[in-house]
Amino acid sequence: MKITLNRLNDDFLFECTNSQGNSILLDNTSQPGAKGVSPMESVLMAVAGCSGIDVVSILKKQRQEITGFKAEVEGERIPVEDAKPFKAIKVKFLLEGNVDPKKALKAAQLSFEKYCSVSKTLEPNVEIGYEVFVNGEQVTN
């Protein structure tokens, strides 16, 4: 796996491109007029995307009918010397459709405990939690 980062302006706007030619823009969002996401926001996006792919894949294999899927991710940061790494990340999955709530909860559990490489990479240093909602109702054990 390899990406390429190219600077696009005289400031902090970068384009990151993968080997297939797909790209995202990264920028310093503390500056006015930022045209991309911050690198730390991209980490939250990576958690959402990785776990989202897992959850949808698991539920599709179980023939669940997902008509809507959304994830909201929040990260809590703490100062460590001059950096501010994540201390905790919380993911909220919002599913719509003919989806068995217990299967949705189990899919999220499997993603974070077994499959999501992004959260597994962060896991030693970041507490990652999740909630699952199906058709507006929170799913609990």
Side-chain angles (χ1 to χ4, degrees), residues 1-9 11-141:
M1 180 180 301
K2 179 180 175 181
I3 64 102
T4 303
L5 180 138
N6 289 311
R7 187 174 177 207
L8 299 180
N9 63 11
D11 285 319
F12 309 104
L13 183 62
F14 299 99
E15 179 180 43
C16 294
T17 307
N18 70 5
S19 59
Q20 297 174 318
N22 301 310
S23 62
I24 63 168
L25 296 178
L26 297 178
D27 206 345
N28 180 349
T29 58
S30 67
Q31 302 293 312
K35 293 181 174 41
V37 299
S38 76
M40 292 301 279
E41 288 169 332
S42 74
V43 171
L44 297 180
M45 291 176 179
V47 170
C50 184
S51 60
I53 288 169
D54 291 341
V55 170
V56 170
S57 176
I58 291 165
L59 292 175
K60 283 178 73 119
K61 287 177 185 170
Q62 296 175 342
R63 302 193 191 295
Q64 300 298 293
E65 296 175 33
I66 305 166
T67 58
F69 183 91
K70 182 177 176 181
E72 297 173 356
V73 185
E74 292 185 40
E76 179 186 346
R77 298 171 71 180
I78 55 168
V80 175
E81 297 178 17
D82 292 332
K84 288 191 290 183
F86 287 117
K87 172 186 176 186
I89 294 175
K90 185 163 192 180
V91 182
K92 182 190 290 186
F93 293 111
L94 305 155
L95 292 93
E96 298 290 330
N98 188 10
V99 177
D100 180 320
K102 296 297 182 193
K103 288 183 179 183
L105 186 61
K106 183 65 174 176
Q109 177 188 4
L110 284 169
S111 175
F112 289 110
E113 290 181 5
K114 188 172 182 181
Y115 297 118
C116 179
S117 299
V118 176
S119 65
K120 287 301 210 184
T121 299
L122 299 171
E123 193 176 73
N125 298 308
V126 181
E127 177 187 324
I128 299 178
Y130 60 91
E131 296 177 308
V132 176
F133 291 78
V134 175
N135 298 318
E137 299 289 322
Q138 184 169 9
V139 183
T140 57
N141 281 329

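Note that the structure is a prediction, hence the values are computed from the model and not measured.
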Asker: Please check this pair: side chain of Q64 against backbone of Q62, looking for a donor-acceptor N/O pair closer than 3.5 Å.
Answerer: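 Yes, Q64 side chain to Q62 backbone: donor-acceptor pair under 3.5 Å.
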
Asker: Taking the side chain as everything from C-beta on, heavy atoms only, tell me whether F86 gets closer than 4.5 Å to N125.
Answerer: no

Asker: What's the separation between atom CD in E65 and atom CG in D100, rounded to the nearest 0.5 Å?
Answerer: 12.5 Å

Asker: Report the distance from atom CD of Q138 to atom NZ of K92, rounding to the nearest 0.5 Å.
Answerer: 8.0 Å

Asker: I'd like to know if the side chain of R77 reaches the main chain of P85, judged simply by a donor and an acceptor atom lying under 3.5 Å from each other, with no hydrogens or angles considered.
Answerer: no

Asker: Check whether N28 reaches the backbone of A34 with its side chain - one donor and one acceptor, N or O, closer than 3.5 Å.
Answerer: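 Pair absent, no side-chain N/O of N28 close to backbone of A34.
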
Asker: For K60, look at atom NZ and say whether over 12 heavy atoms of other residues, nucleotides or ligands are found less than 6.0 Å away.
Answerer: no

Asker: Looking at side-chain heavy atoms only, is the closest gap between L94 and E72 below 4.5 Å?
Answerer: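 They are in side-chain contact.
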
Asker: Quick one: closest heavy-atom pair of S119 and C116, and the distance?
Answerer: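 Minimum heavy-atom separation between S119 and C116: OG-O, 3.2 Å.
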
Asker: Determine whether more than 12 heavy atoms belonging to other residues, nucleotides or ligands lie under 6.0 Å from atom CZ of R7.
Answerer: yes

Asker: Step through the shown structure and confirm whether more than 12 heavy atoms of other residues, nucleotides or ligands are within 6.0 Å of CD on E15.
Answerer: yes

Asker: List the steps, then state whether side chain to side chain donor-acceptor pair (under 3.5 Å) holds for T29 with D27.
Answerer: CA-CA 6 Å; T29 58; D27 206 345; over 6 Å; no

Asker: I need the minimum non-hydrogen distance between G75 and L44, along with the two atoms involved.
Answerer: N-CD1, 3.9 Å

Asker: Ignoring hydrogens, what is the shortest heavy-atom contact between S38 and L26? Give both atom names and the distance.
Answerer: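 S38 and L26 have their closest heavy atoms at O-CD2, 4.2 Å.
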
Asker: Side chains of L95 and L59: does their closest heavy-atom pair fall under 4.5 Å?
Answerer: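 In contact.
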
Asker: Using 0.5 Å steps for rounding, measure from the CD1 atom of I58 to the NZ atom of K103.
Answerer: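 NZ of K103 is found 12.5 Å from CD1 of I58.
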
Asker: Check whether any side-chain heavy atom of Q31 sits under 4.5 Å from a side-chain heavy atom of F12, and report yes or no.
Answerer: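 Yes - at least one pair of side-chain heavy atoms lies under 4.5 Å apart.
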
Asker: Answer whether the closest heavy-atom distance between the side chains of L13 and L25 falls below 4.5 Å.
Answerer: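 A side-chain contact under 4.5 Å exists here.
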
Asker: Work out which heavy atom in L5 is nearest to a heavy atom in F14; give both atom names and the distance.
Answerer: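 Minimum heavy-atom separation between L5 and F14: CD2-CD2, 3.1 Å.
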
Asker: Among V91, D54, V56, find the one that has a side chain to side chain contact (heavy atoms under 4.5 Å, CB included) with S111.
Answerer: D54

Asker: What pair of heavy atoms forms the shortest contact from F93 to V55, and how long is it?
Answerer: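 Smallest interatomic distance, heavy atoms only, reads CZ-CG2, 4.0 Å.
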
Asker: Please report the interatomic distance OG(S23) to CG(N18), rounded to the nearest 0.5 Å.
Answerer: 8.0 Å

Asker: Below 4.5 Å, heavy atoms only, C-beta onward: do V132 and T140 meet side chain to side chain?
Answerer: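 They are not in side-chain contact.
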
Asker: Would you sort out whether F112 and Y130 count as a ring pair (Phe, Tyr, Trp, His ring centres under 6.0 Å), showing the intermediate values?
Answerer: CA-CA 9 Å; F112 289 110; Y130 60 91; 5.3 Å; yes

Asker: Considering only heavy atoms from C-beta outward, does the side chain of F133 approach that of P101 to under 4.5 Å?
Answerer: no

Asker: Could you tell me the separation between the CE atom of M1 and the OG atom of S117, rounded to the nearest 0.5 Å?
Answerer: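 One gets 8.0 Å once the value is rounded to the nearest 0.5 Å.
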
Asker: Salt bridge check, K87 against E127: does any charged N sit closer than 4.0 Å to a carboxylate O?
Answerer: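 No, no charged N to carboxylate O under 4.0 Å.
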
Asker: Check the surroundings of atom NZ in K120: do more than 12 heavy atoms from other residues, nucleotides or ligands lie under 6.0 Å from it?
Answerer: yes

